[in-house]
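Read the structure below first, then the notes.
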Amino acid sequence: MAVDADVLLDWFSTHGRDLPWREPECSAWGVLVSEIMLQQTPVARVQPIWHEWMARWPVPSALAASSQGEVVRAWGKLGYPRRALRLHEAAGVIARDHGDVVPSDVDTLLALPGIGAYTARAVAAFAYGLRAPVVDTNVRRVVARAVHGAGDAGPASNTRDMNDVEALLPAEDAPAARFSAAIMELGALICTARSPRCADCPIYDECAWQLAGKPEYAGPAKPVQKFAGTDRQVRGLLLDVLRGSEGPVEKARLDLVWHDGGQRDRCLDSLLVDGLLEQTSGGLFALPGEH
DNA sequence: CATACGTGGCC
DNA sequence: TGGCCAAGTAT
């Protein structure tokens, strides 16, 4: 067996981080909020915002009662602000249709906006202690190395990846849920993308990659995400003006953030389409609901 | 299946 | 300096 569950669980007990959303008293809502915030955003940047949200919006109905604009503003610079809008919408559904209780059933979770294959199972496992294959980028990398002996994970394949993890999971709910947290943590702390710390790895002796002599990753190169000069950058600049402003602003104010007028207007339009901005009757621009 | 979608830190 | 990377989802 390429990943000994008992060994991994022991390692997690002594080396796992004490993250606030892992505290036993953390609510399922707290777990859900953390999972959404952690999508593509590092733990260090999520922590302070997560604490603010838990204090301000301790239950889904509290978040749902706030305006979209307040939520986008409180999202700050975590990035991908559509996540904030989707979480706000999900909170409304949970409050209205699920008695203000975050669902534990994977299919019910999948039906909520912003919750996909990873997050649905992460909530089932981490908030409710259920057995579900939780596959994120960390887990995919650990499996690629420890199980398949490859230098890194190739392109994601949801079905195949979940089957791989399913095969490693302990049979019972509680150990399986803890295993899921542990294997993610191993990928985050030890089996990292760059410079893996194999000397500190609890499953080094059974790791297929190590046993194969740590061959270089041979798969297709991952597409590099450009940022400078892209619409993503311009959208970010535009939205940041509104986050830093008390109320609606004139278009002239937004025109200052980017030189290319065509791109600027295209991005402004896409933000309106996404519902991240709204135009007032007076032609000003505002965060949704803040006018 | 590929691509769009923020932001910032690290080597 | 600039590419790479960070608990993905929706289309």
Side-chain angles (χ1 to χ4, degrees), chain A residues 16-17 19-22 26 30-50 72 75-87 89-90 109-127 132-142 152-162 165 177 180-189 191-196 217 220-243 257-258 263 266-267 269-271 273-276:
Chain A
R17 292 166 292 180
L19 300 172
W21 42 85
R22 284 182 181 161
C26 181
V31 172
L32 173 56
V33 172
S34 79
E35 291 301 339
I36 301 293
M37 288 183 172
L38 287 164
Q39 292 169 0
Q40 301 286 280
T41 303
V43 168
R45 268 199 287 155
V46 165
Q47 282 223 42
I49 306 293
W50 182 85
V72 169
W75 190 257
K77 306 198 77 167
L78 288 181
Y80 294 140
R82 291 186 300 185
R83 286 182 293 167
L85 247 28
R86 293 186 181 124
L87 181 52
E89 188 185 346
L109 286 161
L110 283 170
L112 297 171
I115 297 189
Y118 162 77
T119 304
R121 291 171 180 79
V123 169
F126 306 147
V134 178
V135 182
D136 76 331
T137 186
N138 291 304
V139 172
R140 286 182 3 87
R141 187 172 53 250
V142 171
D152 202 349
S157 167
N158 217 298
T159 307
R160 177 173 50 70
D161 295 339
M162 286 205 297
V165 172
S180 295
I183 192 170
M184 276 180 67
E185 192 77 335
L186 186 71
L189 300 182
C191 196
T192 53
R194 284 173 300 195
S195 318
Y217 172 64
K222 299 172 182 176
V224 287
Q225 278 237 63
K226 288 292 183 191
F227 180 64
T230 62
D231 285 3
R232 285 206 323 292
Q233 181 185 19
V234 178
R235 285 166 54 104
L237 291 171
L238 254 14
L239 202 57
D240 200 39
V241 172
L242 273 300
R243 276 194 300 258
V257 304
W258 196 249
Q263 184 178 23
R266 171 158 45 84
C267 289
D269 187 59
S270 74
L271 287 169
V273 169
D274 287 348
L276 285 164

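Excluded from the calculations below are hydrogen atoms, water molecules and symmetry mates; all remaining heavy atoms, backbone and side chain alike, are included. Just so we're on the same page: letters track the sequence lines, and every chain starts at 1.
Distance check on atom C1': C:dA7 versus B:dA2 gives 22 Å, rounded to whole Å. Comparing C:dA6 with B:dG6, their C1' atoms sit 12 Å apart, to the nearest whole Å. C:dT9 and B:dG9 have their P atoms separated by 25 Å, with the value rounded to a whole Å.
Between A:Arg83 atom CZ and B:dT7 atom P there is a gap of 10 Å when expressed in whole angstrom units. Distance CZ (A:Arg86) to P (B:dC5): 12 Å, rounded to an integer number of Å. Rounded to whole Å, the distance from CG on A:Asp274 to P on B:dC5 is 8 Å. Here the C1' atom of nucleotide B:dG6 and the OH atom of A:Tyr80 are 6 Å apart, to the nearest Å. Whole-Å rounding puts the A:Arg266 CZ to B:dC5 C1' distance at 14 Å. One atom, CG of A:Leu78, and another, P of B:dG9, lie 13 Å apart when rounded to the nearest Å. Note: CG (A:Leu38) to P (B:dG6) measures 18 Å, nearest angstrom. Nucleotide B:dG8 holds its P atom 16 Å from the CD atom of A:Gln40, rounded to whole Å.
Counting any heavy atom pair closer than 4.0 Å across all strands shown, A:Trp75 reaches no nucleic acid atom. A:Pro113 comes within contact range of the sugar-phosphate backbone alone, with a heavy-atom separation under 4.0 Å but no base atom that close. Across all strands shown, A:Gly79 has heavy atoms under 4.0 Å from base atoms, whether or not it also approaches the sugar-phosphate. Counting non-hydrogen atoms under 4.0 angstrom, A:Leu19 reaches a base of the nucleic acid. Within the 4.0 angstrom heavy-atom criterion, no nucleotide atom of any strand lies near A:Ser34. A:Ala117 comes within 4.0 angstrom of sugar-phosphate atoms only, judged by non-hydrogen atoms across all strands, and of no base. In this structure, A:Ile115 reaches the sugar-phosphate backbone alone: every heavy-atom distance under 4.0 Å involves primed, P, OP1 or OP2 atoms, never a base. As judged by a 4.0 angstrom heavy-atom cut-off over every strand, A:Thr119 is placed among residues touching the sugar-phosphate backbone only. A:Arg140 comes within 4.0 angstrom of no nucleic acid atom, judged by non-hydrogen atoms across all strands. A:Ala193 comes within 4.0 angstrom of sugar-phosphate atoms only, judged by non-hydrogen atoms across all strands, and of no base. Among the heavy atoms of the strands lying under 4.0 Å from A:Arg45 is at least one base atom, whether or not backbone atoms are also near. Heavy atoms of A:Asp231 sit under 4.0 angstrom from primed sugar atoms or phosphate atoms, though from no base atom.
Residues from residues 220-228 of chain A that place a heavy atom under 4.0 Å from any atom of DNA chain B, listed by number: A:Gln225, A:Phe227.
Considering only residues two or more places apart in sequence or on other chains, A:Arg140 meets the side-chain hydrogen bond (donor to acceptor under 3.5 Å, both in side chains) condition with A:Asp161.
Formation of a donor-acceptor pair under 3.5 Å by the A:Gln233 side chain with backbone atoms of A:Gly229 is found in this model. A donor-acceptor pair under 3.5 Å is absent between the side-chain atoms of A:Ser34 and the main chain of A:Trp21, judged by distance alone. Although no hydrogens or angles enter the test, the distance criterion places no donor-acceptor pair under 3.5 Å between the side chain of A:Arg121 and the main chain of A:Val135. For A:Arg86 (side chain) and A:Ile115 (main-chain N/O), no donor-acceptor pair under 3.5 Å exists by modelled atom type.
Annotation for A:Ile36 and A:Arg83: closest pair O-NH1, 3.0 Å, computed over non-hydrogen atoms.
A salt bridge is absent between A:Arg266 and A:Asp269; no separation between the charged side-chain nitrogens and carboxylate oxygens falls under 4.0 Å.
Atom CG in A:Asp136 sits 9.5 Å away from atom CD1 in A:Ile183 (nearest 0.5 Å). Taken from CG in A:Leu78 to CD in A:Gln40, the straight-line distance is 13.0 Å, to the nearest 0.5 Å. For the atom pair SG (A:Cys191) and CG (A:Leu186), the distance works out to 6.0 Å, reported to the nearest 0.5 Å. Of the inter-residue distances, the one linking A:Arg235 atom CZ with A:Leu276 atom CG reads 6.0 Å to the nearest 0.5 angstrom.
If you walk DNA chain C from 5' to 3' and mark each nucleotide with an atom closer than 4.0 Å to a heavy atom of chain A, the marks span C:dG3 to C:dA10.
Within the structure, a side-chain polar atom (N or O) of A:Arg243 is placed less than 4.0 Å from OP1 or OP2 of B:dT7.
For a distance-only test at 3.5 Å, the side chain of A:Thr41 qualifies as a donor-acceptor partner of the base of B:dG6.
The residue among A:Phe126 and A:Arg194 whose nearest nucleotide of DNA chain C is located toward the 5' end is A:Arg194.
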